[in-house]
Amino acid sequence: MKVIAMNRVEPKLVKALVDLETEAFGAGGMNEWHLVPLIRHGKVFVLLEGEDPIGAAQYMLDWEQPRTSYMVGVSIASGQRGKGLGKELLSETFRQLGQKGIEKVELTVSPDNLAAVTLYERYFGFKRVDYRIAEYGEREDRLVLELDVLQWLEEDKKKHKL
């Protein structure tokens with residue numbers, strides 16, 4: 001397994017990522033019209049098993065807070081879930097974002113997605129900073145979570161110190 005940051009548009013890989021997103025999120029997933037600009041102007045990370053993409057995470061910068069990156073989405077292929085790959089993917093993306101000077105990562109998540117909320121808060125240390133009513137339409141409320149990347153990097157170094 002390896003995590004790569006896409007630095008160019010590769011049509012075959014873009015199609016595979018769109019398929020992965022559609023599988024995970026249905027109509028709410030990334031399509032080519034969203035993914036290509038994020039590859040060119042944001043940051044798209046891909047978790048590969050051999051040459052096959054089995055996970056992805058997309059980020060964009062916050063114009064009001066340039067040291068903050070917003071996680072647009074994260075997905076793991078359905079047959080690969082429950083193996084810790086999401087933790088591996090996100091950990092590597094946080095390391096790479098930290099190396100690029102990002103100090104905070106913000107995301108929104110459905111308050112009903114208890115598995116994701118637990119992962120973000122308990123495993124990574126995200127903090128709740130807001131609750132948005134109808135963020136994506138009626139009955140589509142979102143928790144807003146924020147991670148102090150610098151603090152997370154320090155804790156990550158301690159965990160991996162021999």
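Every value quoted in this text rests on a predicted model; they were computed, and no experiment measured them. Numbers here simply count residues along the sequence, with the first being 1.
Separation of atoms CD1 (Ile133) and CZ (Arg142) is listed at 11.5 Å; rounding is to 0.5 Å. Asp130 CG to Glu146 CD: the interatomic distance, rounded to the nearest 0.5 Å, is 10.5 Å. In this structure, CG in Leu35 is found 6.5 Å from CE in Met6, a value given to the nearest 0.5 Å. With rounding to the nearest 0.5 angstrom, the CG atom of Leu97 is 11.5 Å from the CZ atom of Arg95.
The cluster map of Ile, Leu, Val, Met, Phe, Trp and Tyr, joined by side-chain heavy atoms under 4.5 Å apart, puts Val117 and Tyr131 in the same cluster. Under a hydrophobic clustering in which Ile, Leu, Val, Met, Phe, Trp and Tyr are joined whenever their side-chain heavy atoms come within less than 4.5 Å, directly or via other members, Leu89 and Leu85 fall into the same cluster. Taken together through direct or relayed side-chain contacts under 4.5 Å among Ile, Leu, Val, Met, Phe, Trp and Tyr, Leu143 and Phe124 form part of one hydrophobic cluster. Residue Leu17 is grouped with residue Ile4 when hydrophobic side chains (ILVMFWY) are merged at heavy-atom distances under 4.5 angstrom, including chains of intermediate members. The hydrophobic clustering, which links ILVMFWY residues whose side-chain heavy atoms are closer than 4.5 Å, places Val74 and Met1 together.
Closest approach of Trp152 to Phe94, counting heavy atoms only: CZ3-CB, 3.7 Å. Taking both residues in full, the closest heavy atoms of Asn31 and Val18 are given as C-CG2, 3.8 Å, listed atom of the first, atom of the second, then distance. Closest of all the heavy-atom pairs between Val36 and Val9 is CG1-CG2, 3.8 Å.
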Derivation of the side chain to side chain contact (heavy atoms under 4.5 Å, CB included) call for Arg128 and Leu145: CA-CA 5 Å; Arg128 294 179 189 208; Leu145 305 178; 3.4 Å; yes
Assess whether side chain to side chain contact (heavy atoms under 4.5 Å, CB included) is satisfied between Leu147 and Met71, documenting all intermediate values. CA-CA 11 Å; Leu147 177 69; Met71 183 193 304; over 6 Å; no
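For the side chain to side chain donor-acceptor pair (under 3.5 Å) criterion with Glu155, the lone passing option out of Lys158, Gln151, Lys157, Lys159 is Gln151.
Proximity of a side-chain donor or acceptor of Asp62 to a complementary backbone N or O of Ser69 within less than 3.5 Å is not detected.
Contacts of Gln96 classified as side-chain hydrogen bond (donor to acceptor under 3.5 Å, both in side chains), with partners at least two apart in sequence or in another chain: Glu92. Legend: residues meeting side-chain hydrogen bond (donor to acceptor under 3.5 Å, both in side chains) with Glu88, ordered by chain and number and at least two apart, are absent.
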List the atom pairs, with distances to 0.1 Å, where a side-chain N or O of residues 104-116 and a protein N or O form a donor-acceptor pair under 3.5 Å, not counting sequence neighbours.
unit_1 : atom_1 : unit_2 : atom_2 : d
Thr108 : OG1    : Tyr70  : OH     : 3.1
Ser110 : OG     : Asp112 : N      : 3.2
Asn113 : OD1    : Ala116 : N      : 3.2

Show me, pair by pair, the donor-acceptor contacts under 3.5 angstrom made by side chains of residues 43-55, not counting sequence neighbours?
none

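Looking at Arg132 and Val144, their side chains come closer than 4.5 Å, going by heavy atoms from C-beta outward.
Residue pairs meeting the ring-ring contact (aromatic ring centres under 6.0 Å, His included) criterion with at least one member in residues 95-121, sequence neighbours excluded, are Tyr120-Phe126. Under the salt bridge (Lys or Arg N to Asp or Glu O under 4.0 Å) criterion, the residue pairs touching residues 1-25 are Arg8-Glu10, Lys15-Asp19, with sequence neighbours excluded.
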